[in-house]
Amino acid sequence: MTDDDDPFNKRKAKILKVLCEFTKEPEIPLTDGGTHADLASTIAFLLAKKEKSSPVKIAQNITQEIENNPDFKMLGIRTEAKGPYINFLFDTSYLTEYLKAAVLPGYGSLPKKMVRIVLEHTSANPNGPLHVGHIRNSIIGDTLARAFCKAGFRLEVQYYVNDMGRQIAIVIWGFDNLDSTRHEGEKEDAHIARVYIAANRELEHDPSITQQVDNLMQRVEAGDPATVKKFRKEVSRCLDGFAVTLKNLNVAHERFVWESDFIRNGDTKRVIGRLKKLPQAKEEGTLALDLTECGFEKEYVIRRSDGTSVYAARDLAYHVWKAANFDRIIDVLGADHKLIGGQLICTLRLLGEKAPEIVHFEFVSLPEGSMSTRAGKFVSADDLITEVTKRAYDEVTVRRPELDDTARKAIAKSVALAAIRYDIVKVSPEKSTVFDWNEALNFERQSGPYIQYAHARACSILKKAGTFSEEYELETEQEIALARQVAKFPAVIEKVIAELRPHLLATYARELADTFNSFYHFEPVLKSEGKVRNRRLTLVKAVQNTLQESLETLGIDAIRTM
RNA sequence: GGGCUUGUGGCUUAGCUUGGACAUAGCGCCGGGCUUCUAACCCGGAUGUCGGGGGUUCAAAUCCCCCCAGGCCCGCCA
C-alpha cells in the first residue's frame with residue numbers, strides 16, 4: 001500500500017484540499033478527532049480573529065459550505081460543526097478498505113525502497129555478560145531493525161566490537177596473572193566477568209599494575225602478534241557468550257565489526273591524516289579538534305602524545321567506512337554517549353561525510369544504585385531469562401495441566417521472551433528506569449504475554465470456526481472500534497521509523513489487544529449466525545493477523561495457543 | 001560550575017517534536033462477572049495543583065523564561 005492510496009491519508013488529503021480552497025488559509029490545522037471524530041479542524045479559532053466573528057459561527061458556516069462536497073459523499077466523509085470544532089466522520093467504507101488488507105499476510109508492510117541502512121546496536125564491551133542495561137539497547141535496536149524491514153528498507157545490523165579498550169587489557173592482565181580457571185559449566189562471558197572483577201580488585205590494591213595494562217594496550221595497537229592473539233581469543237569467547245544471550249532474546253546481527261580492524265587496515269591512520277588538514281585541527285603533541293563551532297567547549301582528542309589512537313579516532317574510521325557503504329547510518333547508544341555522539345557527528349560533517357542518526361536511551365539502574373560490571377553489580381540478561389522462563393513455566397503448568405512437558409516448555413519460552421522484550425520496549429527511551437523483578441515477572445495487562453494471549457484467543461476462535469466467507473460490512477460500535485484500531489497499524493509502522501521510537505508500536509499492540517478483549521466479551525462470534533458471524537470472523541481474522549504482524553515486529557513469538 | 005535529560009493519582013506509565021473539546025493505561029484499593037468463543041480476561045467505582053512560579057495565546061501537560069528535585073555527561077578511558 002502506498003501513501004497515496006492509503007484509505008485514511010486519501011481522505012485526509014481531500015479534507016485538507018477542500019478546507020484550503022474554501023478558507024484560502026495556507027496552513028489548515030487538522031488533528032486526530034479522538035472520540036469525537038476521525039479528524040477535526042480548529043480552523044475556526046484561527047479565522048475568528050481575522051473575520052471578527054465567533055468561532056462557533058465560523059465553524060457552522062464552513063460546515064454548511066463544504067458538507068455537500070461530492071468528493072466527501074463519494075469517500076463517505078460526513079462533516080459536522082460541534083461548537084468551534086469542525087468534525088469529520090468517516091463511514092465504514094474506509095475501514096472496509098483496511099480490513100481487506102488486514103486479513104492478508106504482510107499487512108502493514110510498506111513499499112520496498114532502495115535505501116540501504118546500517119543499524120548499529122548493543123556493541124557492549126566484551127568484558128562480562130550482557131546485563132539488563134545492555135539489553136535495553138539490544139531490544140530497542142532490534143525492534144527498530146524489524147520495523148525498518150517491515151517498512152521496506154534494505155538493512156544491515158552491526159555490532160561494533162570494542163576489542164582493544166582498557167577494559168579488555170584488564171581482562172587479559174587477569175588471565176595472565178591471576179587464577180583464571182573456568183568453573184565447570186560456566187558460561188564464557190560470566191567467566192570473563194569473574195576474571196575482570198578480580199583483576200580490578202587487584203588494580204585497586206596495587207596501582208603499579210596500571211603500567212602493565214598500559215603496556216598491553218601499546219603492544220596491541222602496535223600489532224604485536226602474541227598480544228593480538230590473546231586479545232582476540234578472550235574477546236571471541238565473550239562474544240560466544242553474547243551470541244547465546246542474544247539468540248535467546250530473538251536479537252540478530254548480520255555482522256560483527258572489530259574495532260582493531262580499523263587500525264590494521266590503515267583506515268584509522270587515513271582518517272587521522274584527513275583530520276590533520278582541517279582548520280579546526282590542533283597538533284601539539286596530541287592531535288585534537290576545536291569543535292566550538294558546534295558548541296563543544298572541550299577539545300576533541302584524536303591521538304595521544306605517544307602516537308596511539310584513542311577510541312574516537314577508531315570510531316570515526318568506522319563511521320567513514322559506514323558512510324561509504326550505506327545511505328543511512330543509525331546508531332543506538334546509551335545516554336552516556338550523547339556528548340561524544342555529538343562530537344562524532346560534528347567531526348564527520350567537517351570531513352564532509354554522512355553523519356549518523358543516533359537513538360539515545362537512558363540508563364537502567366538497580367534499586368540499590370547504578371550497575372557496574374567492574375564492581376560485579378548487575379543483573380545479567382541470562383539470569384533474567386532464566387528466572388522469567390521459570391515463572392512462565394509455572395504459570396503454564398497451572399493453566400494448561402493437560403499439555404505435555406515439551407509443549408509447556410515451548411510456551412514458557414515464548415512467554416518469557418515476550419515478557420522481557422515488551423517490558424523493556426514499552427517505556428520511552430528517554431526515560432531512565434529502575435529494574436524491578438516484580439515488574440519483570442508480571443504477565444498481566446500491559447505485558448507481552450497479555451498481547452500474546454489476545455492473539456491466541458483470536459487463533460482459537462478461527463480454528464473452531466473452520467472456513468467462512470469474508471464479510472466486510474460492520475455494524476456495532478464494538479466492531480467499528482476494533483476495525484478502527486486495526487486500520488491504524490500501517491501508520492504506526494510509518495511513525496516508528498520516522499521518529500525512531502519503537503515504543504509506539506508497543507503501545508499500539510497493547511491498545512489493539514485491549515480493544516479486542518473488550519469486543520470478545522461483548523460480541524459473540526461463533527454463536528452468532530449468518531452474515532453477523534461472517535463479518536465478526538473476518539474481523540477476528542484481521543485482528544489476529546495484525547496482532548501477529550505487530551508481535552513479530554516487536555520480536556515476540558505470535559504463539560497460537562498458551 | 002557548564003551541558004543534556006526526566007519530573008503526569010500511593011507506585012509505574014502514554015500524550016509533549018506538530019498547543020485545542022472531559023489527561024492515556026496498568027499495578028494497588030473498593031464492588032461485580034467463569035456449566036457460555038482460552039478469566040494471562042472483562043465491566044463499574046474512588047484516587048490528578050500534569051514538580052513549583054511567571055510569560056505567550058481565544059486556548060498550555062504540550063511553546064518560552066526562572067526556580068526546585070533526580071539521572072547522565074564534561075579523560076591523552078572505552
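Here is the naming used below: chain letters follow the sequence lines, and residue numbers restart at 1 for every chain. Everything quoted here is computed from the prediction, not taken from an experiment.
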Distances for protein N or O near nucleotides 74-76 of chain B N or O, under 3.5 Å:
{"residue": "G75(B)", "atom": "OP2", "partner": "K298(A)", "partner atom": "NZ", "Å": "2.7"}
{"residue": "C76(B)", "atom": "O3'", "partner": "R304(A)", "partner atom": "NE", "Å": "3.2"}
{"residue": "C76(B)", "atom": "O2", "partner": "S305(A)", "partner atom": "N", "Å": "3.0"}
{"residue": "C76(B)", "atom": "O2", "partner": "S305(A)", "partner atom": "OG", "Å": "3.0"}
{"residue": "C76(B)", "atom": "N3", "partner": "S305(A)", "partner atom": "OG", "Å": "2.7"}

Got a list of protein N/O to nucleotides 4-10 of chain B N/O distances below 3.5 Å?
{"residue": "C4(B)", "atom": "O2'", "partner": "K338(A)", "partner atom": "NZ", "Å": "3.4"}
{"residue": "G7(B)", "atom": "OP1", "partner": "K431(A)", "partner atom": "NZ", "Å": "3.4"}

So which protein N/O to nucleotides 50-52 of chain B N/O distances come out below 3.5 Å?
none

Filtered N/O pairs between nucleotides 58-65 of chain B and protein, under 3.5 Å:
{"residue": "C58(B)", "atom": "OP1", "partner": "K49(A)", "partner atom": "NZ", "Å": "2.4"}

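Listed by first and then second residue, the side-chain hydrogen bond (donor to acceptor under 3.5 Å, both in side chains) pairs involving residues 530-540 of chain A are S469(A)-N534(A), E479(A)-R535(A), E479(A)-R536(A), E523(A)-R536(A) (not counting sequence neighbours).
Side-chain N/O atoms of N87(A) and base N/O atoms of A21(B) include a donor-acceptor pair closer than 3.5 Å.
The gap from the C1' atom of G33(B) to that of G20(B) amounts to 39 Å, rounded to the nearest Å. Between G9(B) and U5(B), the distance separating the two C1' atoms is 24 Å to the nearest Å. Using C1' as the reference atom, A21(B) and G44(B) are 25 Å apart when rounded to the nearest Å. Using P as the reference atom, G2(B) and U17(B) are 28 Å apart when rounded to the nearest Å. Nucleotides C73(B) and C66(B), compared at atom C1', are 24 Å apart to the nearest Å. Comparing G71(B) with A61(B), their P atoms sit 28 Å apart, to the nearest whole Å. Spacing of C1' atoms, C29(B) relative to A46(B), comes out at 8 Å, to the nearest Å.
Backbone-only engagement by R501(A) is indicated by non-hydrogen atom pairs under 4.0 Å involving sugar-phosphate atoms exclusively. Nucleic acid contact for F296(A): none, since no nucleic acid atom lies under 4.0 Å from a heavy atom of the residue. No contact: V213(A) has no heavy atom under 4.0 Å from any strand. Residue-level contact check: T308(A) touches neither bases nor backbone, having no heavy atom under 4.0 Å from any strand.
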The test is side-chain hydrogen bond (donor to acceptor under 3.5 Å, both in side chains); show your working for H337(A) and D331(A) and say whether it passes. CA-CA 11 Å; H337(A) 283 66; D331(A) 297 339; over 6 Å; no

Pair D214(A), R166(A) - check salt bridge (Lys or Arg N to Asp or Glu O under 4.0 Å), show working. CA-CA 8 Å; D214(A) 287 346; R166(A) 178 162 224 95; 2.4 Å; yes

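No cation-pi contact links R391(A) to W437(A), judged by a cut-off of 6.0 Å to the six-membered ring centre and 45° from its axis. A cation-pi contact links K322(A) to Y318(A), judged by a cut-off of 6.0 Å to the six-membered ring centre and 45° from its axis.
With sequence neighbours excluded, the residues forming a side chain to side chain donor-acceptor pair (under 3.5 Å) with Y450(A) are D514(A), N517(A), listed by chain and number. For E283(A), the side chain to side chain donor-acceptor pair (under 3.5 Å) partners are R303(A), not counting sequence neighbours. Annotation: side chain to side chain donor-acceptor pair (under 3.5 Å) contacts of E439(A) (sequence neighbours excluded): none. The side chain to side chain donor-acceptor pair (under 3.5 Å) test applied to K413(A) returns no partner, not counting sequence neighbours. For V540(A), the side-chain contact (heavy atoms from CB on, under 4.5 Å) partners two or more places apart in sequence, or in a different chain, are A458(A), I461(A), L462(A), F516(A), F519(A), V525(A).
Once the 5.5 Å centre distance and the 30° plane angle are applied, the aromatic ring of Y85(A) is found stacked with the base of A21(B).
A heavy-atom distance below 4.0 Å to RNA chain B is reached by these residues of residues 511-519 of chain A, ordered by number: N517(A), S518(A).
At the phosphate of U38(B), OP1 or OP2 sits under 4.0 Å from a side-chain N or O atom of K464(A).
Listed nucleotides: A25(B), A21(B), C22(B). Nearest to the side chain of T35(A): C22(B). Residue R445(A) places its side chain closer to G26(B) than to any other of A14(B), A21(B), G26(B). When distances run from any side-chain atom of V427(A) to the nucleotides C41(B), U13(B), A78(B), the shortest one goes to U13(B).
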Let me check something: any side-chain donor-acceptor pairs from residues 426-433 of chain A under 3.5 Å, sequence neighbours excluded? List them with distances.
{"residue": "K426(A)", "atom": "NZ", "partner": "Q446(A)", "partner atom": "O", "Å": "3.3"}

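Distance H455(A) NE2 to U38(B) C1': 14 Å, rounded to the nearest Å. Atom-to-atom, CG of L203(A) to P of C77(B) comes out at 14 Å; the value is rounded to the nearest Å.
Checking E259(A) against S428(A), the closest nucleotide of RNA chain B that is more toward the 5' end is the one next to S428(A).
Below 30°, between 30° and 60°, or above 60°: for F242(A) and Y159(A) the angle between ring planes is between 30° and 60°, a tilted geometry.
Ionic pairing of E387(A) and K390(A) is present here: one or more N-O contacts between side-chain nitrogen and carboxylate oxygen are shorter than 4.0 angstrom.
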